Amino acid sequence: MTYDAVVVGARCAGATTALLLARAGHRVLLLDRARFPSDTLSGLYIHQSGVERLARWGLLDQVHKSGAPPLQTVTYRVADVCLSGPAPTLPGVVGAYAPRRYVLDTILAEAAAAAGAEVRDRTTVTGLTTDDDGRVTGVRLRTADGAEVTERTRLVVGADGMRSTVARLVDAPLYAQHPNLTCVYYTYWAGVTGADFQIYERPGGWVAALRTHDDLTLIAAYLPQAQFDRVRRDAMTAYRTTIATTAPDLWQRLADATITDRLYGTGNQRNFFRRANGPGWVLVGDAGHHKDSINAHGITDAFVQSELLAGELGGDDPAATIGDPARLDAALSRFAASRDEHMAPNYQTNLVTARLDPTPDRIAMLRVVQDSPQLTERYLAVVGGILPPEELYTRDLLAQWSAQAGGAFARGHTAR
């Protein structure tokens with residue numbers, strides 16, 4: 001075999017997978033059909049648990065030196081509730097980050113190259129090769145100059161996004177699939193004041209604002225998927241109206257701010273798990289699991305999955321694992337199970353948030369949180385990906401919530 005692994009897609013999932021596999025001593029080819037550096041549709045936000053991984057991989061300093069500011073203050077408003085405070089921290093992490101993707105993805109791809117991976121952009125996968133038993137053994141490629149090339153490998157890693165070519169070529173089935181729930185539009189503003197990271201919620205609307213490079217603020221507006229056909233006919237009006245009605249205090253502060261870019265948007269916010277592995281192939285990032293971007297877990301989830309996969313392919317003798325088809329398949333199956341275990345809790349939470357319907361019970365719970373600095377800190381730690389969602393529900397919270405809301409919803413949670 002020419003390569004131990006060919007990684008298709010050189011952004012957050014693919015570049016970090018290539019980086020970690022190369023550091024483990026594997027011979028890796030990292031591909032992307034885009035020219036780098038380039039932008040991509042993204043909410044930018046990296047949760048603190050994702051930032052902590054960047055720090056461990058030795059890349060956080062580069063992200064910070066690129067001009068991306070740490071997001072150290074958080075404000076969340078829904079109904080009469082306002083939760084506000086410093087962003088929770090992890091060792092070596094001062095907050096969340098929201099770097100522009102043409103900056104972040106380039107840092108990750110260059111780190112993979114520095115670790116020994118061969119990186120090719122403007123290269124498109126046109127097919128896969130298999131042996132007589134149906135095991136994937138290589139990739140067929142079209143290069144930037146139109147040449148057709150075949151590269152042989154022990155493992156093909158599909159990290160090529162929600163519409164994954166690798167997933168289509170191996171016919172990876174979907175499961176745990178749910179309907180699209182929101183559509184989203186966003187752009188960048190100059191001159192926005194307020195917390196580094198701001199969230200506003202109301203029935204039928206959700207607005208997020210977060211600071212990024214060049215003193216700009218990305219402001220995103222979420223609307224129900226059912227309104228997408230109407231909204232996209234005049235997306236800018238719908239975008240502005242959603243901000244004005246969902247985040248009126250933010251809207252007032254935008255009076256002296258200016259839009260610096262075009263409006264970006266999508267109504268294709270799919271929710272699914274795909275089969276993660278098969279003989280000679282595996283899917284990471286959005287290729288294998290995608291959810292509505294409203295809780296901004298995409299980049300952090302990509303980092304988590306890359307680390308899980310690299311861990312299964314590493315160990316004391318990584319060459320033996322990836323060189324033995326039976327051991328490799330067992331490692332990929334363990335990764336698939338671990339992926340689902342790690343991703344499932346936030347997937348369920350995300351489905352609730354994306355309904356854009358803050359229930360009276362939930363608002364009652366947030367009122368209890370608002371009145372306690374300790375619970376506010378815990379809630380923001382859940383939002384930041386530092387604590388799992390179930391860690392929020394302490395006995396104290398459930399008792400007060402039950403007293404305030406009648407307790408029907410509260411009694412469905414387990415106290416910690």
Side-chain angles (χ1 to χ4, degrees), residues 9-16 19 30 32-48 50-55 57-74 87 93-113 119 121-122 159-162 184-199 207-222 239 254 257-266 285-286 293-303 306 384-385:
R11 297 193 181 272
C12 291
T16 54
L19 166 68
L30 176 62
D32 203 284
R33 64 183 181 182
R35 180 196 295 268
F36 272 58
S38 63
D39 214 347
T40 190
L41 198 69
S42 176
L44 305 187
Y45 189 75
I46 308 175
H47 290 264
Q48 283 91 332
V51 176
E52 188 269 338
R53 285 172 168 81
L54 287 174
W57 298 337
L59 303 178
L60 183 56
D61 282 348
Q62 293 181 57
V63 173
H64 184 70
K65 289 176 181 177
S66 74
L71 309 183
Q72 297 177 284
T73 57
V74 183
V93 175
V94 297
Y97 277 82
R100 295 293 293 264
R101 289 295 300 275
Y102 62 83
V103 175
L104 175 65
D105 295 350
T106 300
I107 289 173
L108 298 176
E110 289 177 349
V119 182
D121 63 358
R122 295 174 294 162
D160 47 344
M162 182 179 71
V184 60
Y185 287 89
Y186 70 89
T187 190
Y188 298 89
W189 296 71
V192 180
T193 60
D196 296 335
F197 181 33
Q198 305 166 56
I199 302 172
V207 171
L210 58 165
R211 292 201 303 137
T212 185
H213 285 95
D214 304 318
D215 293 323
L216 298 180
T217 298
L218 181 152
I219 301 180
Y222 288 79
Y239 171 74
L254 294 181
T258 56
I259 292 177
T260 64
D261 204 340
R262 71 178 182 88
L263 188 67
Y264 300 87
T266 180
D286 288 349
S293 64
I294 194 164
N295 283 340
H297 282 284
I299 296 175
T300 303
D301 282 359
F303 293 171
S306 297

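In this text the structure is predicted, and so the values were computed from the model without any measurement.
- Under the 3.5 Å distance criterion, the side-chain polar atoms of Thr212 are matched with a main-chain donor or acceptor of Ala98.
- To the nearest 0.5 angstrom, Leu254 atom CG is 4.5 Å from Trp189 atom CH2.
- The shortest non-hydrogen separation linking Leu104 to Pro99 is CB-CG, 4.0 Å.
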Give the intermediate values and the outcome of side-chain contact (heavy atoms from CB on, under 4.5 Å) for residues Thr16 and Leu59. CA-CA 11 Å; Thr16 54; Leu59 303 178; 5.8 Å; no
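- Rounding to the nearest 0.5 angstrom, the gap separating the OH atom in Tyr186 from the CD1 atom in Ile219 is 13.5 Å.
- Minimum interatomic distance between Gly50 and Phe303 (heavy atoms only, all atoms of both residues): O-CD1, 3.7 Å.
- Closest of all the heavy-atom pairs between Gly265 and Leu41 is N-CD1, 4.2 Å.
- Rounding to the nearest 0.5 angstrom, the gap separating the CG atom in Leu44 from the CD1 atom in Ile299 is 6.5 Å.
- Checking Ser38 against Arg11 by side-chain atom types alone, a donor-acceptor pair falls below 3.5 Å.
- For the atom pair CG (Leu60) and CD (Glu52), the distance works out to 10.0 Å, reported to the nearest 0.5 Å.
- With respect to Tyr97, the side chain to side chain donor-acceptor pair (under 3.5 Å) criterion is satisfied by exactly one of Arg211, His64, His47: His64.
- In this structure, Cys12 and Asp286 have side chains that are not in contact, with every pair of non-hydrogen atoms separated by 4.5 Å or more.
- The side-chain heavy atoms of Leu108 and Leu54, taken from C-beta on, include a pair separated by under 4.5 Å.
- Looking at Gln198, its side chain does come within 3.5 Å of a backbone N or O of Ala195 through a donor-acceptor pair.
- Between Ala87 and Gln48, the shortest heavy-atom distance links the atoms CB-NE2, 3.6 Å.
- The backbone N or O of Ala208 sits nowhere less than 3.5 Å from a side-chain atom of Tyr222 that would complete a donor-acceptor pair.
- Once rounded to the nearest 0.5 Å, the distance linking CG of Asp121 with CG of Asp32 reads 7.5 Å.
- Formation of a donor-acceptor pair under 3.5 Å by the Thr300 side chain with backbone atoms of Ile46 is not found in this model.
- Inter-residue side-chain proximity for Arg262 and Thr187 is flagged as unmet; no heavy-atom pair is nearer than 4.5 Å.
- The minimum heavy-atom distance linking Ala15 with Ala10 is given by the pair CB-O, 3.6 Å.
- A 6.0 Å sphere centred on CG of Asp215 holds no more than 12 heavy atoms belonging to other residues, nucleotides or ligands.
- A donor-acceptor contact shorter than 3.5 Å is absent between the side chain of Asp214 and the backbone of Leu216.
- Across all non-hydrogen atoms, the minimal contact from Val94 to Gln72 is O-CG, 3.4 Å.
- Legend: salt bridge (Lys or Arg N to Asp or Glu O under 4.0 Å) pairs involving residues 63-73, not counting sequence neighbours: none detected.
- Residues Arg33 and Asp160 have side chains not in contact (no heavy-atom distance under 4.5 Å, counting atoms from C-beta outward).
- For the atom pair OH of Tyr188 and CD1 of Ile259, the computed distance is 13.0 Å after rounding to the nearest 0.5 Å.
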